[in-house]
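Worksheet for the structure shown next.
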Amino acid sequence: PSARAEAASREEIEAWRTVVKACVPPLIEQWAAILDVHPKTIAYRNMKSRWGSCQPDTGRVCINTRLALYPPRCLEYVVVHELCHFHEQNHGSRFKALLDRYLPDWRQADALLKR
């Protein structure tokens, strides 16, 4: 998918944005309730080096539109990952414990995204 993303047309990039924008809000709603967090702003960007980002202080979550090229579980993983940052801002053992608790198969999705 990364090679495909590099050669994408504007139309393809917009199609990815449309897909991701349709899929993310229900995931955010579901997982925000489970994790008891309250994101305020959801942004979508075509990023080369990140799958998502989170600013807990402002409540902003940004999701990479290139996730449309991956299986749906990867998108869910990124959403959960970013929402877990509302509780733990680094990627230390407590952060990984949160992911293990709420999304036990997160390592498989992470491995897919790192290929």
Can you sort out the partners of [X] under side chain to side chain contact (heavy atoms under 4.5 Å, CB included), two or more places apart, ordered by chain and number?
X: A97; answer: none
X: S9; answer: E11, E12
X: K21; answer: R17, Y44

Worksheet item: Is the number of heavy atoms from other residues, nucleotides or ligands within 6.0 Å of CZ (R45) greater than 12?
Response: no
Please tabulate, one pair per line, all N/O donor-acceptor pairs under 3.5 Å involving side-chain atoms of residues 69-78, not counting sequence neighbours.
{"unit_1": "E76", "atom_1": "OE2", "unit_2": "W31", "atom_2": "NE1", "d": "2.8"}
{"unit_1": "Y77", "atom_1": "OH", "unit_2": "H81", "atom_2": "ND1", "d": "3.3"}
{"unit_1": "Y77", "atom_1": "OH", "unit_2": "D110", "atom_2": "OD1", "d": "3.0"}

Fill in: Selection residues 2-25 - residue pairs positive for ring-ring contact (aromatic ring centres under 6.0 Å, His included), sequence neighbours left out
none
Fill in: CA sep, side-chain torsions, deciding dist, call: F86, L35, side-chain contact (heavy atoms from CB on, under 4.5 Å)
CA-CA 9 Å; F86 280 79; L35 294 165; over 6 Å; no
Please examine the side chains of [Y] and [X], heavy atoms only from C-beta on, and report whether any two atoms are closer than 4.5 Å.
X: D105; Y: L103; value: yes
X: N64; Y: V20; value: no
X: C84; Y: L99; value: yes

Practice prompt. Answer yes if V19 and V61 sit in the same cluster of Ile, Leu, Val, Met, Phe, Trp and Tyr residues linked by side chain heavy atoms under 4.5 Å apart, and no otherwise.
Written response: no
Practice prompt. Consider only side-chain heavy atoms of I, L, V, M, F, W and Y, link residues closer than 4.5 Å, and tell whether V24 and L112 are in one cluster.
Written response: no
Fill in: Where at least one partner belongs to residues 81-92, residue pairs that pass salt bridge (charged side-chain N to carboxylate O under 4.0 Å, His left out), sequence neighbours excluded
E88-R94
Worksheet entry | Worked check of side-chain contact (heavy atoms from CB on, under 4.5 Å) between V80 and L27 | CA-CA 8 Å; V80 174; L27 288 171; over 6 Å; no
Item to complete: Apply salt bridge (Lys or Arg N to Asp or Glu O under 4.0 Å) to E29 and list each qualifying residue two or more places apart in sequence or on a separate chain.
Response: none
Response to the item:
Contacts of R107 meeting salt bridge (Lys or Arg N to Asp or Glu O under 4.0 Å) (sequence neighbours excluded), chain-then-number -> D100
Worksheet entry | Rounded distance (nearest 0.5 Å) linking atom CG of N90 with atom NZ of K96 | 9.5 Å
Enumerate donor-acceptor pairs with a distance under 3.5 Å from any side-chain N or O in residues 46-57 to protein atoms, sequence neighbours excluded.
{"unit_1": "N46", "atom_1": "OD1", "unit_2": "R66", "atom_2": "NE", "d": "2.6"}
{"unit_1": "Q55", "atom_1": "OE1", "unit_2": "T58", "atom_2": "OG1", "d": "3.4"}

